[in-house]
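Working notes, structure below.
When a ligand or atom number is given, it counts from 1 through the structure's own listing order. What's counted below: heavy atoms across the whole structure, side chains too, no hydrogens, waters or symmetry copies. Here the structure is a predicted model, which is why all the values come from computation and not from measurement.
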Amino acid sequence: MKKFVINGGKKLYGEIDVGGAKNAVLPIMAASLLSSGEVILDDVPDLLDVSIMSQVVRALGGEVTRRGKSLTIQVGDFDNFEAPFDLITKMRASIVIMGPVLARKGRVRISHPGGCAIGSRPVNWHLKGLESLGAEVRIDHGYLDVSAPVLKGARIYLDFPSVGATENILMAAAAAEGVTIIENAAQEPEIVDLANFINRMGGKIRGAGTNVINIEGVKEFTGTRHVIIPDRIEAGTFILLAAACGGDVRVNNVIPTHLTPLLAKLDESGILYREEDDGIRVFGNDSFQAVDIKTQVHPGFPTDLQAPFLALLTRAKGTAIVTENIFENRFMHVDELKRMGADLKVEGRSVIIQGVPCLNPATLVATDLRAGAALILAALTAEGRSEIWEISHLDRGYENIEVKLQGIGADIVRVDE
Ligand code: EPZ
């Protein structure tokens, strides 16, 4: 059993580096299946989810090798169109291999990815989009068996701007015959990075980053080299940790425009920071105001920063309301924070937060990736010794988080029980 032991109550000083974006590199690794050329990805974080996606690509017949921060992916004419059950259930994000495998092989078979801690995570919009391109979807014994001898471009309207559905449809459409228009598409920066990557392989995608994406299918994709964009969620997490602890921390390798919703909320709450070229310098503030948060699709406030921001708000002056509009069960950090003395009340999709002067240390359990980040933030502000169990959740999305935090003076160690 691995856990973090944290002695909180210290201000943080120094510089902390942000790595490549988990939620960009996962779909981009899937998109590399479209090409039989050599793909080299740079700034790839060493995460559990990246190693699972590497295993999925290998299981389909591709070669994946890591050299430092670079991944080389070589997928010849692979003959397997079924992803292994154990890998799909380990990481539901592997659902995005459907589009590229369907485009390359005319068929894909994948276990219906289950839900996870934060919600049931259906894939109906993925399937509806692929059907619009001419695919036939069969569900048998818990497997999705999707076939499409030919994919034809279509006009597709997404009921909701789902990130994964946009990605799957985009990748299938990139190799379909004719033109596809995706309306009400997701606009996250990771979608833009995926489209840029596919275009570097010879794709013809326009409008990524807006709610209408135009994709002209092409027959062949070449290899390419691509640098993954910085992880705005890791950046936002470090900015919030620094804001909560106070001190003087420079978060490096940030694209400020990807963090506009977060920075706007820091301004509103009176938390002091400064934008500097490719970094954000955070000073915090001993007394900052409560602010309300409503998670939305991009460019709204990102759901992945809801948990750490809520943890910060437990010590704000006044009353705050945090509303989670994207996932149906993303408040599991609330009970753990209440055990530290936070004054929180869940009412439907919202949490009402009465600020308290300080939190008390406790032994805590991480329930999912971003809830784990929220607990680290809370424990770093609480005077005394806290423990966080089930930290494998954190290793999915934060590379060596305790080492990075030690680098800015945090007293956090990983202990193998
Ligand atoms: C991506 O998940 C991210 N994961 C999530 O990050 C992120 O929270 C989410 O987008 C929203 O930004 C990756 O990119 C690997 P959605 P995804 O499809 O694609 C429902 C993290 O912590 N829905 O936009 O699954 C769904 O259940 C992770 O890094 C359907 O109902 O998100 C959810 O409630 C967590 N039917 C909502 O839509 C569908 O067919 C948004 O999901 C698809 C989704």
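- Close to ligand 1: R330, with a non-hydrogen atom less than 4.0 angstrom away.
- Between L241 and V249 the shortest side-chain heavy-atom distance does not fall below 4.5 Å.
- Contact annotation: for I326 versus ligand 1, heavy atoms closer than 4.0 Å belong to both the backbone and the side chain.
- Not a single N or O atom of L369, backbone or side chain, sits closer than 3.5 Å to an N or O atom of ligand 1.
- Judged by distance alone, with hydrogens and angles left aside, the side-chain atoms of K2 form no donor-acceptor pair with the main-chain N or O of R414 at under 3.5 Å.
- Where the criterion is an N or O separation shorter than 3.5 Å, residue side chain and backbone included, F327 fails it with respect to ligand 1.
- Taking 4.5 Å as the limit, some side-chain heavy atom of L266 sits within range of a side-chain heavy atom of L240.
- At distances below 3.5 Å, not a single donor-acceptor pair connects side-chain atoms of E390 with backbone N or O atoms of A366.
- Two residues are said to be in side-chain contact when any heavy atoms from C-beta on lie closer than 4.5 Å; S162 and H126 meet this criterion.
- Every N/O-N/O distance between F160 and ligand 1 stays at or above 3.5 Å.
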Is there a side chain to side chain contact (heavy atoms under 4.5 Å, CB included) between F238 and R250 once you walk through the steps? CA-CA 9 Å; F238 292 153; R250 192 180 195 281; over 6 Å; no
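- Between E167 and ligand 1, not a single N/O pair is under 3.5 Å apart.
- The protein non-hydrogen atom at the shortest distance from atom 40 (O) of ligand 1 is W125 N, 2.8 Å.
- The closest approach between a heavy atom of P122 and any atom of ligand 1 is below 4.0 Å.
- The contact set between ligand 1 and K22, taken as ligand atoms under 4.0 Å from a residue heavy atom, comprises 21 (C), 29 (O).
- Counting protein heavy atoms only, atom 36 (N) of ligand 1 is closest to N124 OD1, 2.7 Å.
- The D304 neighbourhood of ligand 1 comprises atoms 5 (C), 6 (O), 7 (C), 8 (O), 21 (C), 22 (O), 28 (C), 29 (O), 35 (C), with distances under 4.0 Å to a heavy atom of that residue.
- Ligand-side atoms of ligand 1 in range of A93: 15 (C), range being under 4.0 angstrom from any heavy atom.
- Remark: E190 does not engage K22 in a salt bridge, criterion side-chain N to carboxylate O under 4.0 Å.
- Between H226 and F197, the angle of the ring planes goes over 60°, which puts this pair in the perpendicular group of the 30/60° scheme.
- We find that E177 and K152 are joined by a salt bridge, their nearest charged nitrogen and carboxylate oxygen being less than 4.0 Å apart.
- Here the protein heavy atom with the shortest distance to atom 15 (C) of ligand 1 is N23 OD1, 3.4 Å.
- Remark: minimum distance from atom 22 (O) of ligand 1 to any protein heavy atom is reached at R370 NE, 2.9 Å.
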I293/L313 under side chain to side chain contact (heavy atoms under 4.5 Å, CB included): CA gap, chis, key distance, verdict: CA-CA 10 Å; I293 300 280; L313 289 170; 4.2 Å; yes
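- Contacts between H298 and ligand 1, counted as non-hydrogen atom pairs separated by less than 4.0 Å, are absent for every part of the residue.
- Residue S162 touches ligand 1 through backbone and side chain together, judged by heavy-atom distances below 4.0 Å.
- At least one N or O atom of V163 sits closer than 3.5 Å to an N or O atom of ligand 1.
- Looking only at distances, a side-chain donor or acceptor of N168 sits under 3.5 Å from a matching main-chain atom of I95.
- Using a 4.5 Å cut-off on side-chain heavy atoms (C-beta onward), I213 and I191 make contact.
- Near T303, meaning under 4.0 Å from one of its heavy atoms, ligand 1 places the atoms 8 (O), 11 (C).
- For ligand 1 and G164, the ligand atoms under 4.0 Å from any heavy atom of the residue are 18 (O), 19 (O).
- Taking the six-membered ring where the residue is Trp, F301 and F309 present perpendicular rings, their angle passing 60° and hence far from 30°.
- Residue-level proximity to ligand 1 for E190 is absent, since no heavy atom of it falls below 4.0 angstrom.
- Nearest-heavy-atom check against atom 2 (O) of ligand 1 across E324, R121, R92 picks out R121.
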